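As the structure is a computational prediction, the values presented were derived from the model and not from experiment. So that the names make sense, note that chain A is the first sequence line, chain B the second, and so on, each numbered from 1. Both backbone and side-chain heavy atoms feed into the values below; hydrogens, waters and symmetry mates do not.
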Amino acid sequence: MTTSDSVRVRFAPSPTGYLHVGGARTALFNWLFARHAGGKLILRIEDTDFERSTSEMVEGIVEGMKWLGLDWDEGPFFQSQRLPMYRARAEKMLESGRAYHCFCTKEELEARRARAQAEGRTPKYEGLCRKLPKEEAERRRTAGEACALRFAVPETGVTVIPDAVFGNVEFANTELEDFVLLRSDGIPTYHLSVVTDDIDMRITHVIRGADHLSNTPKQMLQYQALGAPLPIFAHVPLILGPDKTRLSKRHGATSVMSYREEGIVPEAFRNFLALLGWTPENSAKEILGDKELIAAFSLENISHSNAVFDRSKLDWFNTEYIRAYPSERLLPLIRHEWELAGLKPESNDESKLLSTIDLLKPRARNLKDFAGAFRGYFTDDYQTDPAAIEKFLKDDAVRAMLAEMAEKYAAASEFSEQSTEQVLRDFATEKSVKAGALINGSRVALTGQAVAPSLFAVMVALGKEKTVARLRNAMKLNA
RNA sequence: GGCGCUAUCGUCUAGGGGUUAGGACGUGAGAUUCUCAAUCUUAAAACACGGGUUCGAUUCCCGUUAGCGCUACCA
C-alpha cells in the first residue's frame with residue numbers, strides 16, 4: 001500500500017442551502033487534493049438538521065458540483081440514514097465514562113445562559129448533570145425523562161490541533177463546554193456525526209472551512225475517547241465579500257449556479273476559485289486548467305488569511321476562457337444562452353455558426369454577449385444600439401451612401417474579405433469621403449453595435465444577402 | 001465579553017533579517033485609426049500602529065488596533 005492510494009477526503013455540505021461559493025471552494029480543494037494524491041473523494045450530506053434540510057438542496061449541491069466538473073468516488077451518503085451508527089458511538093462513550101446524560105431542559109439552559117451573559121460571565125454549560133450519580137441518571141432515563149447525551153470534556157489540560165495550514169493551534173480544555181453529542185430526540189449533533197463518519201469512512205484528511213477550527217478540539221477529544229487515529233486537519237480561510245464581511249446573500253450571487261446563469265464558463269469559475277486562498281508554487285501564470293491545478297495543488301500553499309471575492313477578476317478569467325475555448329465547446333453553452341434569450345439562430349449550418357463564434361470570441365467577455373451584443377450575427381431579430389447610431393450614423397449623408405453602396409454589393413459577383421473591402425474603398429474614393437466613415441457606419445448598420453470585429457470579416461460572416469439588406473436599411477436607422 | 005485565527009498596492013498574492021518589495025486583476029495615460037470591450041506600450045498604487053531583539057526589521061518576539069471565526073439539544 002502506498003500513501004497515495006490511501007488518501008481519502010470528503011466534502012460534507014449540509015443541505016440547508018444551495019451550493020454557495022465558499023462550499024464550492026472547499027469542495028474544489030478536496031477534489032484537487034484527492035486527484036493530486038490519486039485518492040478518493042467522498043460526498044457526504046450532513047442532513048441531521050431535519051428542520052432545515054431539503055432534498056432540493058441536495059440536488060442543488062450535486063448540480064453545482066457537476067457544473068464545476070467536480071466528480072466524487074463514493075456517496076452521496078446521507079447522515080439521516082446512518083443514525084444507528086451515531087448512537088452506537090455515543091453508547092461507547094457513555095460506557096467508557098466519557099459521556100453522560102443531561103436532563104436540563106432547553107428552557108433552563110437558555111435561562112442560565114442569559115443570566116451568565118447578564119452577569120458578564122462566559123455562558124457555558126456548568127456540568128450540572130455531570131455530577132449526577134450514574135444510578136440516578138439511569139433511573140430517571142428509564143423512567144422516561146427526556147435527556148441529551150453530553151461529552152465530558154477534561155477539566156484540565158490543553159488540546160492542540162496539528163493543522164496542516166495553520167500549524168499547531170492550542171485550546172485550553174477549560175474553554176470548552178460539555179457539548180451535546182446526542183439530542184434528547186436521539187438525533188446526533190454535528191460534533192458526533194462528523195467524527196463518527198470520518199472514522200467510519202476512514203477519512204485521512206479533513207479539509208474544510210476555517211469556521212470549523214474552533215470546533216476541532218471538540219472533535220479531537222472524541223477521537224481520543226474512542227481511541228481512533230486522528231486525521232490530518234487542514235482549515236481553509238474563508239471567502240469574504242467586497243466589504244470584507246463574510247460572503248452572504250447580501251453580496252448578491254452566492255450560489256454557484258447563479259454564475260452559470262450569469263454567463264460564466266465553469267472552468268473560468270473553477271480557476272478563479274482555486275486561486276482564492278491558494279497559490280501554486282513558483283507559478284507565474286494564473287490561467288490554469290484542471291490538469292495543471294491538480295498537479296500543483298498542495299495544502300502547504302494555502303494562505304492563512306481570508307480572501308475577498310473579486311468579481312472583476314472572475315470576469316477576466318471568463319474572458320480568457322471564452323477566448324481559449326474551441327468554438328465547438330462554446331456552441332452548446334451559447335445555445336443555452338440563446339434559449340434563455342429566446343433567440344433562434346437563422347442558420348442551422350453548424351460550421352457557419354462555429355466560424356461566426358470564432359470571429360466573435362476574441363471580443364466576448366461573457367457567454368451572454370452571444371445572445372446580447374452579438375445578437376445581430378445570428379438573427380435579424382435584434383436592436384440597433386442608439387449610442388452606436390449617435391456615434392457613427394447620425395449623418396444623413398453617410399446613411400444615404402450606405403444605401404447606395406448596398407447596390408454595389410448586390411451587383412458584385414465576388415463576396416470575399418478582399419473584394420468587399422475593395423468595393424468599399426473604391427466607393428469612398430468615388431464619393432470623396434474617408435473609408436473610415438463608411439466602415440464605421442457600416443459596422444453599426446450591419447451589427448447594430450459600435451464595436452465589432454474587422455468589418456469585412458463581419459460582412460463575409462453575415463453573407464452577401466444580409467449585408468445588402470442591412471445596408472439598404474441604413475436610411476431607417478435614426479437616432 | 002471569552003477563546004481562536006489573520007494583517008504586503010483598491011483586490012488576489014510572491015517574497016523575506018540588508019530587495020529599485022515582484023506578478024496578476026482593476027484603474028490612469030499613450031499608441032493603433034476599421035470601431036474597442038481587442039492588441040501593444042506605459043504610469044500610479046502596499047509591508048496596519050507602537051515597542052523590543054539586531055549593526056540592520058516589512059520579515060523574528062511582545063503589545064495595540066482592526067477584520068474574521070467559534071462561543072446552540074445549527075451545521
Side-chain angles (χ1 to χ4, degrees), chain A residues 12-17 46-49 51-53 79 102 104-106 109-110 113 116-117 120-125 146-150 161 163 165-166 169-172 174-177 179-185 187-191 193-194 209-218 235 237-238 240 242 244-246 272 275-279 281-287 303-317 319 323 362-366 369 373 388 391-392 421 424 434-440 442-444 447 449-456 458:
Chain A
S14 104
T16 53
E46 310 221 317
D47 58 349
T48 54
D49 184 349
E51 309 274 303
R52 299 194 299 150
S53 300
Q79 291 192 324
C102 171
C104 302
T105 65
K106 207 167 177 168
L109 259 16
E110 266 163 30
R113 207 177 359 252
Q117 210 122 37
R121 287 178 292 118
T122 301
K124 192 179 129 189
Y125 182 67
C147 62
L149 190 74
R150 282 184 190 271
I161 304 161
D163 191 274
V165 174
F166 289 100
V169 185
E170 292 187 12
F171 291 87
T174 49
E175 293 296 328
L176 272 28
E177 70 172 352
F179 53 95
V180 171
L181 255 14
L182 229 39
R183 300 184 258 209
S184 49
D185 59 4
I187 304 301
T189 61
Y190 164 75
H191 300 300
S193 57
V194 247
D211 48 342
H212 287 293
L213 189 56
S214 305
N215 288 324
T216 309
K218 294 177 187 162
H235 289 92
L238 303 177
L240 311 178
K244 307 223 179 186
T245 66
R246 199 179 181 173
F272 168 69
L275 265 27
L276 221 45
W278 172 73
T279 320
E281 200 127 19
N282 52 40
S283 167
K285 63 173 196 166
E286 298 192 357
I287 301 293
S303 96
H304 297 192
S305 48
N306 296 341
V308 172
F309 187 93
D310 181 1
R311 181 50 196 258
S312 66
K313 186 123 189 195
L314 205 211
D315 288 333
W316 174 75
F317 274 107
T319 306
R323 203 174 287 179
R363 278 173 178 75
R365 250 186 112 62
N366 187 287
D369 292 338
K391 190 168 178 188
F392 293 124
E421 178 159 10
L424 184 140
K434 279 198 207 156
L438 257 23
I439 288 171
N440 289 334
S442 297
R443 175 175 296 108
V444 179
T447 69
Q449 299 289 319
V451 172
S454 169
L455 179 69
F456 306 104
V458 169

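A tilted orientation is assigned to the rings of A/Phe166 and A/His304, their planes being inclined by 30° to 60°.
A/Thr279 comes within 4.0 angstrom of sugar-phosphate atoms only, judged by non-hydrogen atoms across all strands, and of no base. Within 4.0 Å (heavy atoms only), A/Ser303 reaches sugar-phosphate atoms of the nucleic acid but no base atom. Note on A/Gly277: only backbone sugar-phosphate atoms sit closer than 4.0 angstrom, heavy atoms only; bases stay farther off. Residue-level contact check: A/Thr48 touches the backbone only, with heavy atoms under 4.0 Å from sugar-phosphate atoms and none from bases. Among the heavy atoms of the strands lying under 4.0 Å from A/Ser305 are primed sugar atoms or P, OP1, OP2 only; no base atom is included. Using a 4.0 Å heavy-atom distance criterion, A/Glu46 is classed as a sugar-phosphate-only contact. Nucleic acid contact class of A/Thr122 (heavy atoms, under 4.0 Å, all strands): base. If you check every strand for non-hydrogen atoms under 4.0 Å, A/Asn306 touches sugar and phosphate atoms only.
A sub-4.0 Å separation between OP1 or OP2 of B/G10 and a side-chain N or O of A/Arg311 is absent. Phosphate proximity of B/C5 to A/His304: absent, as no side-chain N or O sits under 4.0 Å from OP1 or OP2. Regarding contacts with the backbone of B/C73, a side-chain N or O of A/Arg150 is found under 4.0 angstrom from either OP1 or OP2. Applying the 4.0 Å criterion to OP1 and OP2 of B/U71, one finds that A/Lys218 has every side-chain N and O outside that range. Dashed line: the shortest gap from a side-chain N or O of A/Arg183 to OP1 or OP2 of B/A75 is under 4.0 Å.
Put simply, CD on A/Glu177 is 18 Å from P on B/G2, counting in whole angstrom units. We find that CD1 of A/Ile287 is positioned 18 Å from P of B/G23, with the value rounded to whole Å.
Remark: A/Arg121 pairs with A/Glu119 by the salt bridge (charged side-chain N to carboxylate O under 4.0 Å, His left out) rule, at least two apart or across chains.
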Where along nucleotides 29-41 of chain B does protein come under 4.0 Å, by heavy atom, of base (B) or sugar-phosphate alone (S), with - for untouched nucleotides?
-----BBBBSS--
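Comparing B/U6, B/G1, B/G23 by their closest approach to the side chain of A/Pro123 singles out B/G1.
With rounding to the nearest 0.5 Å, the separation of CZ in A/Arg246 from CG in A/Asp211 is 4.5 Å.
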